[in-house]
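One structure below.
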Amino acid sequence: AQSVTQLGSHVSVSEGALVLLRCNYSSSVPPYLFWYVQYPNQGLQLLLKYTSAATLVKGINGFEAEFKKSETSFHLTKPSAHMSDAAEYFCAVSDTGRRALTFGSGTRLQVQP
Amino acid sequence: NAGVTQTPKFRILKIGQSMTLQCTQDMNHNYMYWYRQDPGMGLKLIYYSVGAGITDKGEVPNGYNVSRSTTEDFPLRLELAAPSQTSVYFCASSSSEQLSTLYEQYFGPGTRLTVT
(Lines give C-alpha, C1' and ligand atoms only; values in the text may rest on other atoms or scores of the structure.)
Protein backbone atom coordinates (compact mmCIF):
# COMPACT_ATOMS: atom_id res chain seq x y z
CA ALA A 1 0.00 0.00 0.00
CA GLN A 2 1.14 3.50 -0.73
CA SER A 3 1.47 6.20 1.88
CA VAL A 4 2.61 9.80 2.14
CA THR A 5 4.04 11.55 5.19
CA GLN A 6 4.27 15.31 5.42
CA LEU A 7 6.53 16.50 8.20
CA GLY A 8 5.20 19.59 9.91
CA SER A 9 1.51 20.40 9.93
CA HIS A 10 2.32 24.11 10.17
CA VAL A 11 5.25 26.03 8.68
CA SER A 12 5.76 29.74 9.15
CA VAL A 13 8.23 31.80 7.11
CA SER A 14 8.91 35.47 6.59
CA GLU A 15 8.10 37.10 3.29
CA GLY A 16 11.14 36.70 1.01
CA ALA A 17 12.46 33.68 2.90
CA LEU A 18 12.98 30.19 1.53
CA VAL A 19 9.98 27.86 1.64
CA LEU A 20 10.66 24.16 2.30
CA LEU A 21 7.77 21.73 2.73
CA ARG A 22 8.72 18.12 3.34
CA CYS A 23 7.15 15.02 1.85
CA ASN A 24 8.21 11.39 2.11
CA TYR A 25 6.41 8.60 0.30
CA SER A 26 6.14 4.86 0.44
CA SER A 27 5.44 2.98 -2.76
CA SER A 28 6.28 -0.47 -4.04
CA VAL A 29 6.46 0.73 -7.64
CA PRO A 30 7.94 3.84 -9.25
CA PRO A 31 5.61 6.54 -8.06
CA TYR A 32 3.75 9.37 -9.66
CA LEU A 33 4.01 12.22 -7.16
CA PHE A 34 2.12 15.47 -6.89
CA TRP A 35 1.93 18.65 -4.91
CA TYR A 36 -1.43 20.38 -4.66
CA VAL A 37 -2.27 23.73 -3.07
CA GLN A 38 -5.56 24.57 -1.38
CA TYR A 39 -6.53 28.16 -0.68
CA PRO A 40 -9.18 28.76 1.99
CA ASN A 41 -12.61 27.44 1.05
CA GLN A 42 -11.45 26.34 -2.38
CA GLY A 43 -10.70 23.11 -4.16
CA LEU A 44 -7.24 21.72 -4.80
CA GLN A 45 -5.03 23.13 -7.55
CA LEU A 46 -2.13 21.20 -9.04
CA LEU A 47 1.26 22.82 -8.37
CA LEU A 48 3.51 20.24 -10.00
CA LYS A 49 3.95 16.54 -10.67
CA TYR A 50 6.71 13.97 -11.01
CA THR A 51 6.26 11.21 -13.57
CA SER A 52 9.85 9.88 -13.85
CA ALA A 53 10.94 12.23 -16.64
CA ALA A 54 13.18 14.60 -14.65
CA THR A 55 14.03 14.51 -10.95
CA LEU A 56 13.76 18.29 -10.57
CA VAL A 57 10.26 19.39 -11.39
CA LYS A 58 9.20 22.98 -11.85
CA GLY A 59 5.65 24.03 -11.17
CA ILE A 60 3.49 27.09 -11.10
CA ASN A 61 4.03 30.20 -8.95
CA GLY A 62 7.80 29.61 -8.69
CA PHE A 63 7.58 26.31 -6.83
CA GLU A 64 9.74 23.31 -7.58
CA ALA A 65 10.29 19.86 -6.11
CA GLU A 66 13.09 17.33 -6.29
CA PHE A 67 12.48 13.60 -6.44
CA LYS A 68 15.09 11.67 -4.45
CA LYS A 69 14.59 7.94 -4.76
CA SER A 70 17.29 7.06 -2.21
CA GLU A 71 15.54 9.18 0.41
CA THR A 72 11.98 8.44 -0.83
CA SER A 73 11.39 12.17 -0.68
CA PHE A 74 9.70 14.80 -2.81
CA HIS A 75 10.18 18.06 -0.94
CA LEU A 76 8.62 21.29 -2.22
CA THR A 77 10.65 24.50 -2.31
CA LYS A 78 10.36 28.12 -3.33
CA PRO A 79 13.32 30.50 -3.07
CA SER A 80 11.36 33.53 -1.91
CA ALA A 81 8.00 33.38 -0.16
CA HIS A 82 5.21 35.75 -1.07
CA MET A 83 2.20 36.64 1.04
CA SER A 84 -0.04 35.05 -1.58
CA ASP A 85 1.66 31.67 -0.96
CA ALA A 86 -0.16 31.30 2.35
CA ALA A 87 -2.30 28.19 1.91
CA GLU A 88 -2.43 24.48 2.68
CA TYR A 89 -0.17 22.23 0.66
CA PHE A 90 -0.74 18.54 0.05
CA CYS A 91 1.67 15.95 -1.23
CA ALA A 92 0.08 12.96 -2.95
CA VAL A 93 1.06 9.73 -4.68
CA SER A 94 -0.93 8.05 -7.43
CA ASP A 95 -1.40 4.36 -7.96
CA THR A 96 -1.19 3.11 -11.51
CA GLY A 97 -4.36 0.99 -11.35
CA ARG A 98 -7.16 3.15 -10.05
CA ARG A 99 -5.13 6.30 -10.69
CA ALA A 100 -6.48 7.50 -7.37
CA LEU A 101 -4.45 9.76 -5.11
CA THR A 102 -3.23 8.98 -1.61
CA PHE A 103 -2.71 12.26 0.23
CA GLY A 104 -0.52 13.36 3.07
CA SER A 105 -2.18 15.16 5.95
CA GLY A 106 -1.17 18.57 4.61
CA THR A 107 1.08 21.45 5.67
CA ARG A 108 -0.35 24.86 6.36
CA LEU A 109 2.07 27.56 5.21
CA GLN A 110 1.93 30.91 6.93
CA VAL A 111 3.86 33.86 5.49
CA GLN A 112 4.72 36.67 7.89
CA PRO A 113 5.20 40.22 6.61
CA ASN B 1 -14.69 24.88 -19.96
CA ALA B 2 -16.22 25.03 -16.50
CA GLY B 3 -14.06 22.08 -15.39
CA VAL B 4 -15.50 20.19 -12.42
CA THR B 5 -18.60 21.65 -10.81
CA GLN B 6 -20.24 20.55 -7.57
CA THR B 7 -23.57 21.35 -6.01
CA PRO B 8 -24.56 22.32 -3.41
CA LYS B 9 -21.71 24.35 -1.87
CA PHE B 10 -23.07 23.96 1.65
CA ARG B 11 -25.66 21.74 3.26
CA ILE B 12 -26.87 20.97 6.76
CA LEU B 13 -28.56 17.60 7.27
CA LYS B 14 -30.30 16.09 10.24
CA ILE B 15 -29.27 12.63 11.39
CA GLY B 16 -31.04 10.00 9.32
CA GLN B 17 -31.77 12.24 6.33
CA SER B 18 -30.41 11.44 2.89
CA MET B 19 -29.09 13.59 0.08
CA THR B 20 -27.22 13.50 -3.20
CA LEU B 21 -24.10 15.51 -3.90
CA GLN B 22 -23.86 16.39 -7.56
CA CYS B 23 -20.67 16.40 -9.62
CA THR B 24 -20.32 17.25 -13.30
CA GLN B 25 -17.26 17.61 -15.51
CA ASP B 26 -17.11 18.94 -19.05
CA MET B 27 -13.61 17.76 -19.99
CA ASN B 28 -14.69 14.35 -21.29
CA HIS B 29 -12.59 12.67 -18.61
CA ASN B 30 -13.15 8.95 -18.15
CA TYR B 31 -11.98 8.74 -14.52
CA MET B 32 -13.93 10.38 -11.73
CA TYR B 33 -13.47 10.33 -7.95
CA TRP B 34 -15.08 11.30 -4.69
CA TYR B 35 -12.93 12.26 -1.73
CA ARG B 36 -13.74 13.51 1.73
CA GLN B 37 -11.56 15.89 3.72
CA ASP B 38 -11.80 15.97 7.48
CA PRO B 39 -10.20 18.78 9.54
CA GLY B 40 -6.42 18.45 9.74
CA MET B 41 -6.40 15.46 7.44
CA GLY B 42 -5.64 14.79 3.84
CA LEU B 43 -8.31 13.67 1.42
CA LYS B 44 -9.55 10.11 1.55
CA LEU B 45 -11.03 8.24 -1.41
CA ILE B 46 -14.69 7.25 -1.07
CA TYR B 47 -15.55 5.89 -4.52
CA TYR B 48 -14.17 6.11 -8.00
CA SER B 49 -15.24 5.36 -11.56
CA VAL B 50 -13.19 4.47 -14.63
CA GLY B 51 -16.01 5.14 -17.06
CA ALA B 52 -19.76 5.23 -17.49
CA GLY B 53 -21.35 2.23 -15.83
CA ILE B 54 -18.22 1.24 -13.87
CA THR B 55 -17.71 2.20 -10.22
CA ASP B 56 -15.71 0.80 -7.33
CA LYS B 57 -15.05 1.42 -3.66
CA GLY B 58 -12.22 3.44 -2.23
CA GLU B 59 -10.89 3.46 1.32
CA VAL B 60 -13.96 4.87 3.10
CA PRO B 61 -17.12 3.80 1.20
CA ASN B 62 -19.41 2.92 4.12
CA GLY B 63 -22.57 5.02 4.19
CA TYR B 64 -22.25 6.17 0.59
CA ASN B 65 -23.34 5.05 -2.86
CA VAL B 66 -22.50 6.23 -6.35
CA SER B 67 -23.65 5.77 -9.90
CA ARG B 68 -22.18 6.76 -13.25
CA SER B 69 -24.73 6.69 -16.04
CA THR B 70 -22.95 9.28 -18.20
CA THR B 71 -19.35 10.35 -18.74
CA GLU B 72 -20.11 13.81 -17.34
CA ASP B 73 -21.93 13.05 -14.08
CA PHE B 74 -20.88 11.20 -10.94
CA PRO B 75 -23.37 11.79 -8.09
CA LEU B 76 -22.63 10.69 -4.52
CA ARG B 77 -25.57 9.52 -2.42
CA LEU B 78 -25.64 9.64 1.37
CA GLU B 79 -28.24 7.39 2.95
CA LEU B 80 -29.13 7.77 6.63
CA ALA B 81 -26.75 10.62 7.35
CA ALA B 82 -24.62 10.34 10.49
CA PRO B 83 -22.50 12.95 12.34
CA SER B 84 -19.39 11.05 11.23
CA GLN B 85 -20.20 12.13 7.67
CA THR B 86 -19.69 15.78 8.53
CA SER B 87 -16.88 16.71 6.16
CA VAL B 88 -15.93 18.55 3.00
CA TYR B 89 -16.52 16.48 -0.10
CA PHE B 90 -14.49 16.91 -3.27
CA CYS B 91 -15.15 15.49 -6.68
CA ALA B 92 -12.27 15.11 -9.13
CA SER B 93 -11.72 13.85 -12.64
CA SER B 94 -8.81 12.75 -14.80
CA SER B 95 -8.12 11.36 -18.22
CA SER B 96 -6.28 8.18 -19.12
CA GLU B 97 -6.09 9.22 -22.76
CA GLN B 98 -4.11 12.48 -22.63
CA LEU B 99 -0.40 11.82 -22.15
CA SER B 100 0.41 15.43 -21.24
CA THR B 101 -1.90 15.33 -18.22
CA LEU B 102 -1.39 11.70 -17.25
CA TYR B 103 -2.54 10.97 -13.69
CA GLU B 104 -3.41 14.64 -13.06
CA GLN B 105 -6.68 15.12 -11.24
CA TYR B 106 -8.86 18.21 -11.52
CA PHE B 107 -10.89 19.08 -8.47
CA GLY B 108 -14.21 20.75 -7.95
CA PRO B 109 -14.69 23.50 -5.33
CA GLY B 110 -16.14 21.11 -2.76
CA THR B 111 -19.36 20.66 -0.78
CA ARG B 112 -19.27 21.43 2.93
CA LEU B 113 -21.69 19.08 4.70
CA THR B 114 -22.72 19.23 8.34
CA VAL B 115 -24.81 16.47 9.93
CA THR B 116 -26.41 17.37 13.25
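To find a chain, count down the sequence lines: A is the first, B the second, and so on, and within it residues start at 1.
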Under 4.5 Å from any heavy atom of chain B, what part of [X] do you find: side chain, backbone, both or neither?
X: A:L44; answer: both
X: A:Q38; answer: side chain
X: A:S9; answer: neither

What pairs with B:F107 under ring-ring contact (aromatic ring centres under 6.0 Å, His included), at least two apart in sequence or on another chain?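 If we apply the ring-ring contact (aromatic ring centres under 6.0 Å, His included) test to B:F107, skipping adjacent residues, the hits are A:Y36, B:Y35.
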Measure B:Q37 against the heavy atoms of chain A and call it side chain, backbone, both or neither at under 4.5 Å.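 Side chain only.
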B:L45 portion near chain A, given a 4.5 angstrom heavy-atom threshold: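 Only the side chain of B:L45 comes within 4.5 Å of chain A.
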If you count heavy-atom pairs under 4.5 Å with chain B, which of A:T51, A:T102, A:L101 comes out on top?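 Looking at each of A:T51, A:T102, A:L101 in turn, A:L101 comes out on top.
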Quick one: does A:E71's side chain have a donor or acceptor within less than 3.5 Å of a partner on A:K68's backbone?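 Checking the backbone N and O of A:K68 against the side chain of A:E71, no donor-acceptor pair under 3.5 Å is found.
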B:Y33, B:Y106, B:F90: which one forms the most heavy-atom pairs within less than 4.5 Å of chain A?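 Of the candidates given, the most pairs with chain A belong to B:Y33.
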Classify the ring geometry of B:W34 against B:Y89: parallel below 30°, tilted from 30° to 60°, perpendicular beyond 60°.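 Ring orientation, 0 to 90° scale: perpendicular.
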Residues A:K49 and B:E104 bridged, charged N to O under 4.0 Å: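 Salt bridge: yes.
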Charged N to carboxylate O under 4.0 angstrom, A:K78 versus A:D85?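 Between A:D85 and A:K78 there is a salt bridge, with a charged N closer than 4.0 Å to a carboxylate O.
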Determine, step by step, whether B:E59 and B:K44 satisfy the salt bridge (Lys or Arg N to Asp or Glu O under 4.0 Å) criterion, reporting the C-alpha distance in whole Å, the side-chain angles of both residues, the deciding distance to 0.1 Å, and the verdict. CA-CA 7 Å; B:E59 278 76 47; B:K44 294 195 183 302; over 6 Å; no
